[in-house]
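Naming convention: chains lettered A, B, ... in sequence-line order (proteins, then strands); numbering from 1 in each chain. These numbers were taken from a predicted model, which means no experiment stands behind them.
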Protein chains: 2
Amino acid sequence: MVSKVNEYENGLHHFENACRQNGLSITPQRIAIFKELASSSEHPSAAVIFRKIREYYDNISLDTVNRTLLTFHEIGLAKVVESSGDPKRFDPNLALHHHFRCVKCGKIVDFENAAYDALEIPRAIQKKFVIREKRVHLEGFCDTCRSPDG
Amino acid sequence: MVSKVNEYENGLHHFENACRQNGLSITPQRIAIFKELASSSEHPSAAVIFRKIREYYDNISLDTVNRTLLTFHEIGLAKVVESSGDPKRFDPNLALHHHFRCVKCGKIVDFENAAYDALEIPRAIQKKFVIREKRVHLEGFCDTCRSPDG
DNA sequence: AATTATATTGGACTAAATCCTATGTGTCAA
DNA sequence: TTGACACATAGGATTTAGTCCAATATAATT
């Protein structure tokens with residue numbers, strides 16, 4: 001088992017490599033944004049990350065946070081979570097996994113499932129499209145919002 | 001096999017019943033919005049539907065289109081499609097089906113698949129949450145946008 | 001046809017996201 | 001270590017989605 005510290009340093013290492021390989025400079029802003037995203041588990045929006053970083057980094061701009069998160073997505077450091085119409089939300093978890101989303105409070109919960117992972121892409125789809133992501137998406141009410149009208 | 005006309009009239013019938021059962025009056029606006037949505041297959045946003053209806057209904061308001069589409073969702077006449085951060089998009093197809101979404105042009109394609117339909121909800125999830133929707137979500141490049149940089 | 005509760009309009013407002021340009025700063029090479 | 005340059009950021013302006021509100025209009029019911 002790997003210690004938290006090492007996981008964290010591996011993460012930063014990965015981040016720096018990805019930047020270098022894509023010709024992006026390693027700026028304090030990008031580091032802060034990466035750290036914030038990597039340590040989050042609630043699939044934060046750009047605004048949420050922006051507000052957190054602002055607590056200690058007093059003049060980072062929202063535009064930078066937005067732009068950087070999209071860049072992270074492009075170079076494979078983050079995923080954009082499906083979230084029908086609300087602000088974009090980002091996911092540092094690059095491993096194959098699945099989502100439950102509460103239609104009431106918007107919470108998104110990751111879960112793993114071997115059967116879901118094993119799903120094959122239908123022939124017809126595979127022939128026509130290039131598939132980059134495969135995910136089962138469940139929707140409903142979370143434990144807190146359980147009752148539809150609660 | 002049912003004729004197009006009958007399918008269509010069944011649709012309208014279903015719409016009117018759903019309204020009545022939910023104490024909603026049947027207004028020309030709602031009829032127009034329902035017809036437009038029901039006859040669409042590209043998972044339109046409120047803005048798209050608004051613009052189409054405007055062609056013949058010159059003073060319907062965008063607010064009404066938005067509000068009505070959300071109402072349709074609430075009373076089970078439409079679904080809101082997962083679409084990571086872009087404007088909400090609506091789906092008249094109430095049957096269990098799955099989605100491919102092009103990350104480049106945003107096109108969303110419905111498809112059917114028996115194996116996907118048959119997926120069971122994991123115990124742990126079922127215990128904790130109330131599941132209302134289950135869908136496989138594929139993402140990548142469509143036939144038109146096939147090449148990642150094209 | 002009158003009544004009433006509900007719906008719509010259009011403009012104002014809020015919030016997300018992007019664009020723009022002047023300024024600032026990593027990076028690389030000497 | 002420094003200097004030069006390409007790249008990145010800040011902050012304000014702009015665009016776009018979406019919602020709110022109050023006045024008006026209208027569908028449903030009697």
Side-chain angles (χ1 to χ4, degrees), chain A residues 12 15-37 43-54 56-75 77-78 80-90 103 106, chain B residues 12 15-34 36 43-54 56-75 77-78 80-90 103 106:
Chain A
L12 265 193
F15 157 74
E16 292 185 0
N17 282 341
C19 285
R20 274 193 266 273
Q21 280 166 26
N22 289 277
L24 302 177
S25 30
I26 294 165
T27 66
Q29 291 90 338
R30 285 186 178 143
I31 293 172
I33 294 164
F34 179 79
K35 282 186 184 175
E36 209 55 69
L37 178 65
H43 309 82
S45 66
V48 166
I49 290 189
F50 172 69
R51 282 194 292 269
K52 277 202 184 170
I53 296 179
R54 267 280 167 130
Y56 54 88
Y57 190 144
D58 64 351
N59 77 328
I60 196 170
S61 79
L62 177 57
D63 190 21
T64 295
V65 175
N66 253 305
R67 196 169 9 83
T68 300
L69 287 168
L70 292 175
T71 303
F72 285 175
H73 181 218
E74 277 169 27
I75 67 175
L77 279 176
V80 179
V81 169
E82 59 279 357
S83 65
S84 68
D86 307 305
K88 275 197 183 61
R89 291 171 64 177
F90 297 86
V103 297
Chain B
L12 265 193
F15 157 74
E16 292 185 0
N17 283 341
C19 285
R20 274 193 267 273
Q21 281 167 26
N22 289 276
L24 301 176
S25 32
I26 294 165
T27 67
Q29 292 90 338
R30 285 185 179 144
I31 293 171
I33 295 165
F34 179 78
E36 208 55 67
H43 310 81
S45 64
V48 166
I49 290 189
F50 173 68
R51 282 193 292 267
K52 277 202 183 170
I53 295 178
R54 267 280 167 129
Y56 55 89
Y57 192 143
D58 65 350
N59 77 328
I60 195 169
S61 78
L62 177 57
D63 190 19
T64 296
V65 175
N66 253 305
R67 197 170 5 86
T68 301
L69 287 167
L70 291 175
T71 303
F72 285 176
H73 181 219
E74 275 168 28
I75 68 176
L77 278 176
V80 178
V81 168
E82 63 281 6
S83 65
S84 69
D86 308 303
K88 274 195 184 61
R89 290 172 62 178
F90 298 87
V103 296

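- Using a 3.5 Å distance cut-off with no hydrogens or angles, the side chains of A/Thr27 and A/Arg30 do not pair a donor with an acceptor.
- Backbone-only contact: A/Ser25 has heavy atoms under 4.0 Å from sugar-phosphate atoms and none from a base.
- Interatomic distance, A/Asn66 CG to A/Phe50 CZ, rounded to the nearest 0.5 Å: 10.0 Å.
- Nearest to the side chain of B/Leu24, among C/dA7, C/dT9, D/dA10, sits C/dA7.
- Distance A/Glu16 CD to C/dG26 P: 13 Å, rounded to the nearest Å.
- Taking only side-chain atoms of A/Pro28, from C-beta outward, the nucleotide of C/dG26, C/dA17, C/dT9 with the closest atom is C/dG26.
- Minimum atom distance to the side chain of A/Pro87 is reached by C/dA16, of the listed D/dG11, C/dT27, C/dA16.
- Rounded to whole Å, the distance from NZ on A/Lys88 to C1' on C/dT18 is 10 Å.
- In this structure, B/Asn22 atom CG and D/dA28 atom C1' are separated by 16 Å, rounded to whole Å.
- Minimum atom distance to the side chain of A/Asn66 is reached by C/dT18, of the listed D/dA10, C/dG10, C/dT18.
- Look at CG on B/Asp58: it is 16 Å from P on C/dT8, rounded to the nearest Å.
- Going from atom CD1 of B/Ile33 over to atom P of C/dA7 covers 12 Å, rounded to whole Å.
- At whole-Å resolution of the value, CZ in A/Arg20 and C1' in C/dC28 are 13 Å apart.
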Q: Kindly indicate, with the supporting measurements, whether the criterion side-chain hydrogen bond (donor to acceptor under 3.5 Å, both in side chains) is fulfilled by B/Thr64 and B/Ser61.
A: CA-CA 5 Å; B/Thr64 296; B/Ser61 78; 3.0 Å; yes

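- Put simply, the side chain of A/Asp63 and the base of C/dC20 share a donor and an acceptor less than 3.5 Å apart.
- Taking 4.5 Å as the limit, every side-chain heavy atom of B/Val81 sits out of range of all side-chain heavy atoms of B/Phe90.
- Note that the CG atom of B/Asn22 and the CZ atom of B/Phe72 stand 11.0 Å from one another [nearest 0.5 Å].
- A/Leu69 comes within 4.0 angstrom of no nucleic acid atom, judged by non-hydrogen atoms across all strands.
- Distances shorter than 4.0 Å separate none of the side-chain N or O atoms of A/Arg67 from OP1 or OP2 on C/dT18.
- Counting any heavy atom pair closer than 4.0 Å across all strands shown, B/Leu62 reaches no nucleic acid atom.
- In this structure, CD1 of A/Ile53 is placed 11 Å from P of D/dT9, rounded to the nearest angstrom.
- Within the nucleic acid shown, A/Arg30 comes within 4.0 Å of sugar-phosphate atoms alone, with no base atom in reach, counting heavy atoms only.
- The side-chain heavy atoms of B/Thr71 and B/Leu77, taken from C-beta on, include no pair separated by under 4.5 Å.
- Looking at the side chain of B/Thr27, the nearest of the listed nucleotides D/dG11, D/dA28, C/dT8 is C/dT8.
- The nearest whole Å value for the distance from the CZ atom in A/Arg54 to the C1' atom in D/dT9 is 12 Å.
- Set against D/dA27, C/dT8, C/dT27, the side chain of A/Ile26 has C/dT27 as its closest nucleotide.
- Residue B/Ser61 places none of its side-chain N or O atoms closer than 4.0 Å to OP1 or OP2 of C/dG10.
- Projected onto DNA chain D by closest heavy-atom contact, A/Gly23 and B/Gln29 fall at different nucleotides, the more 5' of which corresponds to A/Gly23.
- You'll find that the side chain of A/Tyr57 is closest to D/dA10, out of D/dT19, C/dG10, D/dA10.
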